[in-house]
Novice: 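Here you go, one structure.
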Amino acid sequence: MKIDVHYSPSCGAKFVTSAKLGRLAENGSKYVTEYASLVKIEPKNARDIDALENAIFYWEDEKFASNIFHAACAMRNDSKYYINHDVYALTSQKHIFEDLDDTKILGLIHLSPIANGTFIEHIQTKPELIYGNAPEYKGVGTAILNSIKRLTSKISCFPAKEKSVKDFYKKNGFVEYHQCYVWYKA
């Protein structure tokens with residue numbers, strides 16, 4: 001008798017909110033407004049875990065997506081270190097989120113709870129959208145942050161040391177406090 005250890009009664013990723021970003025127009029000359037979907041990953045759902053694993057497998061030069069995937073796996077396994085943590089994906093997919101399409105995942109974020117708010121453990125945009133010339137989408141990281149801002153009143157993080165990363169957080173309304181960056185809902 002074979003027992004499927006990946007069975008899950010959960011339905012899969014849940015739609016949270018729409019997020020505005022830019023998509024390269026058909027003629028490739030400018031970016032037009034497009035809406036993507038922020039979905040909450042259900043770690044107990046094998047299809048969600050598979051979608052994360054498949055997405056990051058093809059993300060060359062990713063820095064944090066593997067960490068986000070491993071956090072989701074730890075959450076699936078009920079690790080005491082990941083209680084109340086959440087993983088979200090920004091996807092160009094518009095419906096049927098319980099069958100998440102890994103090729104449409106544009107970015108990921110892993111959040112943990114802190115007093116009166118949320119802490120960003122890791123955030124990762126699909127690398128080809130960061131490093132590519134004329135990427136299909138732009139503003140993915142900002143779209144993820146703007147979506148999370150609707151869910152909480154305080155977001156904190158310790159960004160990577162690169163100037164571009166710190167500038168990204170400042171551009172998105174974060175203020176630096178002794179190497180920690182914090183955003184408060186106005």
Novice: Is the number of heavy atoms from other residues, nucleotides or ligands within 6.0 Å of CD (E60) greater than 12?
Specialist: no
Novice: A side-chain contact here means heavy atoms from C-beta on lying under 4.5 Å apart; do H85 and P113 qualify?
Specialist: yes
Novice: Show which side-chain atoms of residues 123-130 pair as donor or acceptor with protein atoms under 3.5 Å away, not counting sequence neighbours.
Specialist:
residue, atom, partner, partner atom, Å
Q124, OE1, K63, N, 2.9
Q124, OE1, F64, N, 2.8

Novice: Suppose the criterion is salt bridge (Lys or Arg N to Asp or Glu O under 4.0 Å): which pairs have a residue in residues 87-109, not counting sequence neighbours?
Specialist: E34-K94
Novice: Using the test side chain to side chain donor-acceptor pair (under 3.5 Å), find all partners of S18 that sit at least two apart in sequence or belong to another chain.
Specialist: none
Novice: Ignoring hydrogens, what is the shortest heavy-atom contact between G12 and D48? Give both atom names and the distance.
Specialist: C-OD2, 3.3 Å
Novice: Keeping the roles fixed (side chain from D86, backbone from L111), state whether a donor-acceptor pair exists under 3.5 Å.
Specialist: no
Novice: Using a side-chain heavy atom cutoff under 4.5 Å and only I, L, V, M, F, W and Y, what cluster partners does L24 have?
Specialist: Y31
Novice: Linking directly or through intermediates, with side-chain heavy atoms under 4.5 Å: list the remaining ILVMFWY members grouped with L108, chain and number order.
Specialist: F15, V39, I41, I49, L52, I56, W59, I68, F69, M75, Y81, Y82, V87, F97, L100, I105
Novice: Using the side chain to side chain donor-acceptor pair (under 3.5 Å) criterion, which residues pair with K149? Sequence neighbours excluded.
Specialist: none
Novice: Return the minimal non-hydrogen interatomic distance between S37 and Q93, and the atom names on each side.
Specialist: OG-O, 2.9 Å
Novice: Give me the atom names and distance for the closest heavy-atom approach of W183 to G173.
Specialist: CD1-O, 3.5 Å
Novice: In the hydrophobic clustering (ILVMFWY, side-chain contacts below 4.5 Å, transitive), which residues join I114, or is it alone?
Specialist: F119, F158
Novice: Do other residues, nucleotides or ligands put more than 12 heavy atoms under 6.0 Å from the NZ atom of K20?
Specialist: no
Novice: What's in the same ILVMFWY side-chain cluster as F57, cut-off under 4.5 Å, chained through other members?
Specialist: Y58
Novice: Are I120 and Y169 close enough, and set up right, to give a side chain to side chain contact (heavy atoms under 4.5 Å, CB included), and what steps lead you there?
Specialist: CA-CA 11 Å; I120 299 172; Y169 282 106; 4.1 Å; yes
Novice: Mind checking what makes salt bridge (Lys or Arg N to Asp or Glu O under 4.0 Å) contact with D78, not counting sequence neighbours?
Specialist: K44
Novice: Holding to salt bridge (Lys or Arg N to Asp or Glu O under 4.0 Å), I want the full list of residues that pass it with K163, two or more places apart in sequence or in another chain.
Specialist: D167
Novice: Under the side chain to side chain donor-acceptor pair (under 3.5 Å) test, which residues partner E53, sequence neighbours left out?
Specialist: none
Novice: Determine all donor-acceptor pairs shorter than 3.5 Å in which one atom belongs to a side chain in residues 133-145; sequence neighbours excluded.
Specialist:
residue, atom, partner, partner atom, Å
E136, OE2, R23, NE, 3.2
E136, OE2, R23, NH2, 2.6
T142, OG1, N172, OD1, 3.2
T142, OG1, N172, ND2, 3.3

